[in-house]
Protein chains: 2
Amino acid sequence: MLTGVIDMTLDERKKRILESIIKDYVETAEPVGSRAIVKKHNLRISAATVRNEMADLEDLGYLEQPHTSAGRIPSESGFRYYVDCMMERETLVDDEVELLQKILKDNLQDWDEVIQSIGSFLSQVTRYTSFIIVPTIKFDEFKYIQLVPVEKGKAMVIVVTDTGVLMHRRIDVPESVNSRDVQSINEVFNRLFAGKKLTELRRTDLQSLRDDLKKRKKAIDSMLEAIDNLTENTGEEKVVISGILNMLNEPEFKDLEKLKKILTILEADTALKNLLPEASGEAVDITIGRENRLDEAKEMSIVLAGYKVFGEIGRVGVIGPVRMEYWKAAGTVESVRTIIDEVLKKHYHG
Amino acid sequence: MLTGVIDMTLDERKKRILESIIKDYVETAEPVGSRAIVKKHNLRISAATVRNEMADLEDLGYLEQPHTSAGRIPSESGFRYYVDCMMERETLVDDEVELLQKILKDNLQDWDEVIQSIGSFLSQVTRYTSFIIVPTIKFDEFKYIQLVPVEKGKAMVIVVTDTGVLMHRRIDVPESVNSRDVQSINEVFNRLFAGKKLTELRRTDLQSLRDDLKKRKKAIDSMLEAIDNLTENTGEEKVVISGILNMLNEPEFKDLEKLKKILTILEADTALKNLLPEASGEAVDITIGRENRLDEAKEMSIVLAGYKVFGEIGRVGVIGPVRMEYWKAAGTVESVRTIIDEVLKKHYHG
DNA sequence: ATTAGCACTCAATGAGGTCGAGTGCTAACA
DNA sequence: TGTTAGCACTCGACCTCATTGAGTGCTAAT
């Protein structure tokens, strides 16, 4: 029976025992027995005492027993309690920080590379599967627009925004359009759009533009369509996943059916985006097992943080089994987020 | 005993039996017994006769027995014989062809999208894992070079080649460089490079260029470095893989260790490129089991064909278990290759 | 050459039996 | 009152052994 009063704060000994069980279980993936604990963590009490405490912890819902004659494993509430009330994050060591910073600096010219590198770094350090959601960068202004003829009847529209994003589309142009036409089209477009807000562009009186350049109507139409297309397409967040293989090492996913569920989620960008909680500012957010929205992910845990790019919030984190090294994962994700923010601020915001 | 003479060409009845065994085995993944065959494919002979023939086929090395009291399964030589001497490719039906063509047309503006779509189409139709290797396009000529200032001290170098490839790099420029400088730099670069072969560029007398524009030396150096960088980086073929999940459905990979091996290969671009045979012109190439170079892929089969882009050869195909529907895979890969070639020719070569 | 018949083989399946880690309870102890 | 030793009990893991049945190879008849 309980002591009558339900105490949210556990006494030190219970905490110590809960922690021991969590550490052992996370390491071995096996139920933990009373004797094993006393030995390994050399607590100065007997196994019988531990058993009593364990019974209490079970009543509180922090532990559970797979079957009568097995040891205890932490319940999801157990992990939750640990994460909320006891855990200390294990941030990256200096070497790792340096390594990451170096990786980033080496790839700074190419934004895609940066993301990839961070992802694979994160998954390597944590040994879980990492994900990075790159937010839609809602650029405000066109910086630069250019039509480049590529071959007969084909051209490429290049748009650069003030946030340094480059987009392109191939379009068809009438073969009659010559290089002088192209040049004047470019001039017109740049004069018209450069520095304009996206929202303004949408209201731009396209009609007048068409009238203005009736002769090259066809080419201009294509170009406008392409630009429209480009600006629409930025609606999609990009998802980068790394270290899926790490999943296979977790004993909880030796069951092919479970594995398939997980991989299915990871393969479908939309499902994953749906699963991940919103990044709420700075904090590292931890979602444990059944706390997850998707049924298919009820046996997974997610550790995630938000980072800022050009005013938008992106998400970065890891996903793994409920039996996760939360201390390491949370610390690493936090460090990585900080470093991303720093690097971005320094190199992309001027 | 054999008939004495070793005949490479099997008689009709043996062929029929071999084929039946292959079809059944591919479908069920279970050893096939003599009775089952007679029934299912209603051959007009008795099980005992089939048994005799099967014994012969085993002596020839085309069948093997997991253990005495099991049925037979095709050996790798068996599959090889079937593929070489008997198989008829099952090409895409019209609906599928149309679907693919539609998918391609919808995504034509973006080369990356095209590749992705083809990959996922291929893996969906075959139910195996598909791969596409996009070759290095060794562009010959610079079409267009542009330096676009993005924010203070930062700019973007954009290069378009005559093959319609767009590349970019972010670079640092001294803050003193103003928009007039940028314009004149652009003019110089375009005058100098446009239409130049890559090889020529490397020999271009950069010294004179520098002298010419001493004042903007810093910016120009950065730009040259970026361009150099870009042209070097094209050394990497791109690898796109799709439908990895299909692997999980194959009973031969229910063993986690095997699965891990395969996924490891698929995750490492270099390993995969190494594994895949060179695409030899037009033909569909089939590699069965131990014919593969990598030890880790001795239980896999690969069906692959080459396609041409701008004179370079790319590779497209599927990878799956030795127990593969070669007829379907080969036919599909062939169809897809043809369609890629057509679409590329029509839309990218002018 | 083909086939029916039959003895033989061997993986798969399931039923007992043993083992041991781990528990819960009770009674003794500080 | 909290802690501990002792002990009976539980139950999954593992081993063994017998049964089953699909499938074979061989032999003798057609």
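Computed from a predicted structure; not experimentally measured. In what follows, chains are A, B, ... by sequence order, proteins preceding strands, each numbered from 1.
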In whole angstroms, the gap separating C1' of D/dT4 from CG of A/Leu43 amounts to 15 Å
Under a 4.0 Å heavy-atom criterion, the protein footprint on nucleotides 11-20 of chain D, written with B, S and -, is BS--------
Chain B reaches DNA chain C, atoms under 4.0 Å from its heavy atoms, from C/dT2 to C/dA11
Minimal heavy-atom distance between A/Phe253 and A/Leu259, with the atoms involved, is O-CB, 3.8 Å
| Looking just at side-chain N and O atoms, do B/Ser120 and B/Ser123 make a donor-acceptor pair shorter than 3.5 Å? | no
Residue set satisfying side chain to side chain contact (heavy atoms under 4.5 Å, CB included) with B/Asn52, at least two apart, ordered chain then number -> none
Rounded to whole Å, the CD1-P distance (A/Ile37 to D/dT4) equals 14 Å
Between CZ of A/Arg35 and P of D/dT4 the distance, given in whole Å, is 14 Å
message = Looking at B/Lys39, I want to see if its NZ is surrounded by more than 12 non-hydrogen atoms of other residues, nucleotides or ligands under 6.0 Å.
response = no
Is the B/Tyr326 to B/Phe79 ring centre distance short of 6.0 Å?
yes
Return yes if some donor-acceptor pair links the side-chain N/O of B/Lys298 with the main-chain N/O of B/Asn292 below 3.5 Å, else return no.
-> yes
Rounded to whole Å, the CD1-P distance (A/Ile45 to D/dA5) equals 12 Å
Closest non-hydrogen atoms of B/Ile244 and A/Glu267, given as atom of the first, atom of the second and distance, are N-OE2, 3.8 Å
Heavy atoms of B/Ala330 and B/Met87 approach each other most closely as CB-CE, 3.9 Å
